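Remarks on the structure that follows.
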Amino acid sequence: MNFPDKIDAVRIRDRADVRRAAIAFREAVHEMFDCRIAACDNIALKQRMCDGDGANLATQVFGWTDRDKWLCTPYLALGSPLTTACRFEPEPFWVNAEGFRTRLPNSWLNEIDLSDFERRALTRAAIVVPVHLPFGQIGSVSFTFPDPMKLDLSAEYDAYADMLSLYSRTFITSYQRVMVKLGGIPANWSLLSKREVECLSWAAVGKTDIEISMIIARSRATVRFHIMNAGAKLNAVNRSQTVFKAAQLGYIGLNS
């Protein structure tokens with residue numbers, strides 16, 4: 001099977017296809033090296049990835065057992081440096097207690113606490129692929145090795161990071177599309193005006209209506225109208241949710 005066919009094999013098409021695609025994912029990775037796959041479609045949630053019949057993919061396909069700590073650690077997404085890094089890095093990286101390694105420098109990763117690494121990460125070293133999804137969701141796939149003394153993953157990373165990224169993104173994104181029900185998007189969600197976006201951008205950095213009115217040289221009532229109108233378009237219940245949804249949909253950037 002050539003590489004494009006392998007990518008297509010890990011793509012999930014319907015609920016009945018999940019287990020087959022997970023097995024194809026596992027086999028494609030094992031052709032590169034022996035490892036265990038820890039896949040998560042949303043690091044903010046505790047639910048495990050399951051096949052169409054509700055069977056846990058971690059135990060049924062990826063080789064984990066009910067005794068493995070990462071399956072029963074409720075705050076792993078908050079405490080693990082692996083998932084923390086996925087919030088700040090969109091590309092594959094590898095990590096051990098000595099630090100993060102990426103293709104391009106990322107100073108944010110240097111700020112992540114790596115103390116007591118093995119206990120908090122539940123591994124001594126791993127290759128990790130972050131998967132950034134629509135509406136601000138983040139998935140991740142970690143690849144850990146059976147040899148606990150293998151701490152240098154640079155060779156595997158250099159050789160296979162791009163392929164691991166394609167496999168992981170294909171599997172996680174298609175799983176989300178098939179298995180996760182997202183809330184509906186209002187029909188006119190894309191119709192935010194330039195002035196609405198401008199007001200929301202200032203609101204996102206903590207400016208009050210009065211401050212925004214002074215910045216854009218419009219009345220306070222006009223500012224409130226634009227923010228309320230944007231909220232109606234985004235089906236938001238209050239100002240905070242309006243800003244949040246606007247950020248999810250890419251209207252408000254980090255540099256706002």
Side-chain angles (χ1 to χ4, degrees), residues 6 9-12 15-87 92-97 114 116-131 133 137-153 156-157 160-161 163-176 178-180:
K6 290 178 183 178
V10 305
R11 184 173 290 111
I12 300 167
R15 293 179 65 89
D17 197 37
V18 174
R19 181 181 285 252
R20 180 211 58 77
I23 292 171
F25 183 24
R26 179 195 66 198
E27 296 306 310
V29 172
H30 284 179
E31 287 185 13
M32 292 182 270
F33 46 71
D34 183 25
C35 70
R36 283 203 294 186
I37 300 170
C40 176
D41 69 297
N42 190 335
I43 62 174
L45 301 178
K46 298 179 183 178
Q47 289 92 332
R48 305 303 178 190
M49 295 181 70
C50 297
D51 67 15
D53 296 321
N56 189 329
L57 294 179
T59 57
Q60 298 296 310
V61 177
F62 295 135
W64 300 88
T65 72
D66 291 330
R67 296 185 300 275
D68 287 307
K69 291 182 179 180
W70 86 273
L71 287 173
C72 55
T73 303
Y75 300 111
L76 186 62
L78 298 177
S80 172
L82 305 189
T83 49
T84 299
C86 289
R87 295 184 170 96
F93 59 87
W94 76 271
V95 58
N96 59 20
L114 293 179
D116 200 11
F117 179 82
E118 184 174 354
R119 182 188 65 81
R120 295 170 55 229
L122 302 181
T123 185
R124 300 189 72 189
I127 296 174
V128 182
V129 178
V131 183
L133 298 156
Q137 299 176 95
I138 301 174
S140 72
V141 183
S142 300
F143 304 89
T144 60
F145 292 75
D147 181 1
M149 302 308 296
K150 186 172 179 58
L151 302 181
D152 184 352
L153 305 183
E156 290 81 1
Y157 177 82
Y160 301 117
M163 286 188 287
L164 292 175
S165 179
L166 284 171
Y167 287 134
S168 299
R169 295 177 196 280
T170 301
F171 181 70
I172 295 293
T173 56
S174 61
Y175 179 91
Q176 273 266 333
V178 168
M179 298 293 287
V180 179

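It should be emphasised that the depicted structure is a prediction, and the values quoted were computed from it without experimental measurement. The residues of the chain are indexed from 1 along the displayed sequence.
Between Val128 and Cys86 there is a side-chain heavy-atom pair separated by less than 4.5 Å. Side-chain contact between Ile172 and Val129 is absent, with no heavy-atom pair separated by less than 4.5 Å. Using a 4.5 Å cut-off on side-chain heavy atoms (C-beta onward), Asn42 and Gln47 make no contact.
Residue Glu31 holds its CD atom at 10.0 Å from CE of Met163, rounded to the nearest 0.5 Å. To the nearest 0.5 angstrom, Glu27 atom CD is 10.5 Å from Lys6 atom NZ. The distance from atom CE of Met179 to atom CG of Asp41, rounded to the nearest 0.5 Å, is 9.0 Å.
Minimum heavy-atom separation, Ala58 to Asn56: N-OD1, 2.8 Å. Heavy atoms only, all atoms of each residue included: Ala126 and Leu82 are closest at CB-CD1, 4.3 Å. Leu151 and Pro148 make their closest contact through CD2-O, 3.9 Å (heavy atoms, listed as atom of the first residue, atom of the second, distance). Closest non-hydrogen pair, Trp94 versus Ile127, comes out as CB-CG1, 3.9 Å. A pairwise comparison of heavy atoms in Tyr175 and Cys50 identifies OH-N, 3.0 Å as the closest pair. The shortest non-hydrogen separation linking Ala125 to Thr144 is O-CG2, 4.1 Å.
Checked by atom type and distance alone, the side chain of Arg19 never pairs as donor or acceptor with a backbone atom of Asp51 at under 3.5 Å. A distance-only check finds no donor-acceptor pair linking the side chain of Ser165 to the backbone of Ala161 [under 3.5 Å]. The main-chain N or O of Pro92 is found under 3.5 Å from a side-chain atom of Tyr157 such that the two form a donor-acceptor pair. Side chain of Arg20 to main chain of Ala9: a donor-acceptor pair is present (N/O by atom type, distance under 3.5 Å, no hydrogens or angles). Looking only at distances, a side-chain donor or acceptor of Trp64 sits under 3.5 Å from a matching main-chain atom of Ile37. Put simply, the side chain of Arg26 gets close to the backbone of Val61: a donor and an acceptor are under 3.5 Å apart.
Taking the six-membered ring for Trp and thresholds of 30 and 60 degrees, Phe62 and Phe171 have ring planes more than 60 degrees apart, a perpendicular arrangement. The aromatic rings of Phe25 and Phe143 sit perpendicular to each other, their planes meeting at more than 60°, with 30° as the lower class boundary.
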